[in-house]
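In each ligand, atom 1 is the first atom listed, and ligand 1 is the first ligand listed. On a predicted model such as this, the values are computed, not experimentally measured, just so you know.
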Amino acid sequence: MKKIKIGLVGVGSVAHWGHIPAYQNDPRAEITAICDINEDRLKKTAEELGVKEVYTDFNEMMKKSDCDAISVATWNNSHKDATIAGLRAGKAVLVEKPMAMSAKEAEEMNKVAKETGSLLMVGFCSRFADDAMRLRKMIDDGRLGDIYYVKAGYLRRRGNPKGWFADKSRSGGGALIDIGVHALDRSWWLMGRPKPVSVLGFTWNKFGDYKTVSEAYSTDLLNEKSAFDVDDMAVALIRFEGDKALFLEASWAQNLKEGIGYQEVYGDKGGAKLYPLELYTDLDYNQVNIQVPTSNVILHNAEIKHFLDCIEKGEETMNPGEDGVTIMKILDAIYESSRTGKEVRF
Ligand SMILES: NC(=O)c1ccc[n+]([C@@H]2O[C@H](COP(=O)([O-])OP(=O)(O)OC[C@H]3O[C@@H](n4cnc5c(N)ncnc54)[C@H](O)[C@@H]3O)[C@@H](O)[C@H]2O)c1
């Protein structure tokens with residue numbers, strides 16, 4: 001069987017714990033080329049993987065490499081250009097979340113995907129969790145009725161990743177664009193991707209370069225100097241067509257007891273929550289709670305399996321560029337609402 005040749009653009013943290021093991025785990029794929037601007041990391045990764053083709057410039061990689069597909073896992077400020085270079089070179093592209101720094105960039109990427117016909121998939125990995133997949137199927141089957149209210153949060157007490165994450169020129173934003181994007185995307189996807197109508201958003205930068213021991217990150221970024229010109233907490237209330245609302249909150253740093261992630265979904269026939277999946281409904285005039293057994297899924301393995309399935313079978317992705325564009329529009333609107341103190345209408 002001819003292997004699908006993979007090029008990795010950005011071989012930092014998520015490439016190492018997410019993308020590389022996932023490609024290695026799938027017999028259809030073979031990592032043949034890698035690119036990073038950090039030459040030490042590039043050399044070390046090439047040795048680890050036994051890869052001969054190495055590049056410090058992704059434009060050169062797209063010209064010279066015969067890889068079929070790329071994973072873009074760089075800082076957010078190069079997602080757009082690396083993705084477009086890949087699409088124009090006829091490669092299938094999996095780009096990490098957030099899709100880009102802004103909706104304008106995401107729209108440009110999606111436009112090139114449409115023009116070239118190359119596959120563009122956005123790395124919204126949290127959709128692939130078994131409990132989220134099962135809940136989405138139940139919602140699609142109408143078990144929860146009309147989903148009119150959703151609540152989601154991704155909150156850390158002290159979990160600022162520092163380095164480029166906290167430098168707006170390289171990240172585009174802080175806690176909201178980094179981890180809030182997961183809660184936002186999964187909620188919107190569970191709701192059936194409704195059209196956003198308006199956004200009321202709040203963001204804060206209260207903690208900056210705090211000295212408290214970090215709970216979430218143990219990378220070399222902890223020792224990097226950071227600009228800290230991004231949000232460390234965000235809250236938003238988003239209205240969608242069909243009288244639907246989403247309450248969203250995200251923090252890298254906040255004085256709460258302990259970090260948590262939660263996802264709640266309320267329909268007129270039933271409610272549900274994730275981690276673990278539970279349903280709340282009525283049965284013969286009694287209130288009943290149902291616990292649904294689920295499996296543990298390694299999210300990047302499932303995401304990359306789907307990416308390879310799409311390449312192999314020519315199928316459409318469940319995470320298309322259009323979804324990334326809508327999510328970026330909502331993120332932009334949360335930042336704008338926070339800046340102007342006004343509700344933003346689409
Ligand atoms: N899906 C998830 O759960 C998840 C988790 C972590 C990170 N991410 C995303 O993955 C991306 C990378 O995050 P990370 O934690 O691996 O960061 P990282 O800093 O550990 O790695 C990024 C790598 O990209 C390289 N790079 C930067 N600009 C480049 C360019 N123009 N060309 C080539 N290489 C370049 C850097 O040198 C670095 O090695 C970010 O977009 C982040 O939001 C997603």
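- Among G10, A73, S13, the residue whose heavy atom lies closest to atom 22 (C) of ligand 1 is A73.
- Geometrically, ligand 1 and W164 share a nitrogen or oxygen pair separated by less than 3.5 Å.
- Between D26 and K305 there is no salt bridge, since no side-chain nitrogen of the basic residue lies less than 4.0 Å from a carboxylate oxygen of the acidic one.
- Taking only non-hydrogen atoms, the option from K97, H16, E96 nearest to atom 42 (C) of ligand 1 is K97.
- Judged as a side chain to side chain contact (heavy atoms under 4.5 Å, CB included), and not counting sequence neighbours, the contacts of E264 are K151, Y262, Y266, K273.
- Comparing V122, T74, N77 by heavy-atom distance to atom 40 (C) of ligand 1, the nearest is T74.
- For the 3.5 Å distance criterion, the side chains of E315 and H306 fail to qualify, holding no donor opposite an acceptor.
- Taking any N or O of V14, backbone or side chain, at least one lies under 3.5 Å from an N or O belonging to ligand 1.
- The proximity of W17 to ligand 1, defined as any non-hydrogen pair under 4.0 Å, is limited to the side chain.
- Counting heavy atoms under 4.0 Å from ligand 1, residue R41 touches it through the side chain alone.
- Under 4.0 Å from ligand 1, not a single heavy atom of F124 appears.
- The aromatic rings of W204 and F202 sit parallel to each other, their planes meeting at less than 30°, with 60° as the upper class boundary.
- Considering backbone and side-chain atoms alike, D36 places an N or O below 3.5 Å from some N or O of ligand 1.
- Residue contact check for ligand 1: R170 places no non-hydrogen atom closer than 4.0 Å to it.
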Using distance only, find each side-chain donor-acceptor pair of residues 180-190 under 3.5 Å and give its atom names and separation, not counting sequence neighbours.
{"unit_1": "D185", "atom_1": "OD1", "unit_2": "R127", "atom_2": "NE", "d": "3.4"}
{"unit_1": "D185", "atom_1": "OD1", "unit_2": "R127", "atom_2": "NH2", "d": "2.6"}
{"unit_1": "D185", "atom_1": "OD2", "unit_2": "R127", "atom_2": "NE", "d": "2.9"}
{"unit_1": "R186", "atom_1": "NE", "unit_2": "Q263", "atom_2": "OE1", "d": "2.9"}
{"unit_1": "R186", "atom_1": "NH1", "unit_2": "Y275", "atom_2": "OH", "d": "3.3"}
{"unit_1": "R186", "atom_1": "NH2", "unit_2": "Q263", "atom_2": "OE1", "d": "3.3"}
{"unit_1": "R186", "atom_1": "NH2", "unit_2": "Y275", "atom_2": "OH", "d": "2.9"}
{"unit_1": "S187", "atom_1": "OG", "unit_2": "A183", "atom_2": "O", "d": "2.7"}
{"unit_1": "S187", "atom_1": "OG", "unit_2": "Q263", "atom_2": "OE1", "d": "3.4"}
{"unit_1": "S187", "atom_1": "OG", "unit_2": "Q263", "atom_2": "NE2", "d": "3.1"}
{"unit_1": "W188", "atom_1": "NE1", "unit_2": "P194", "atom_2": "O", "d": "2.8"}

Could you walk me through whether Y335 and D231 pass side-chain hydrogen bond (donor to acceptor under 3.5 Å, both in side chains), step by step? CA-CA 9 Å; Y335 284 124; D231 49 295; 2.8 Å; yes
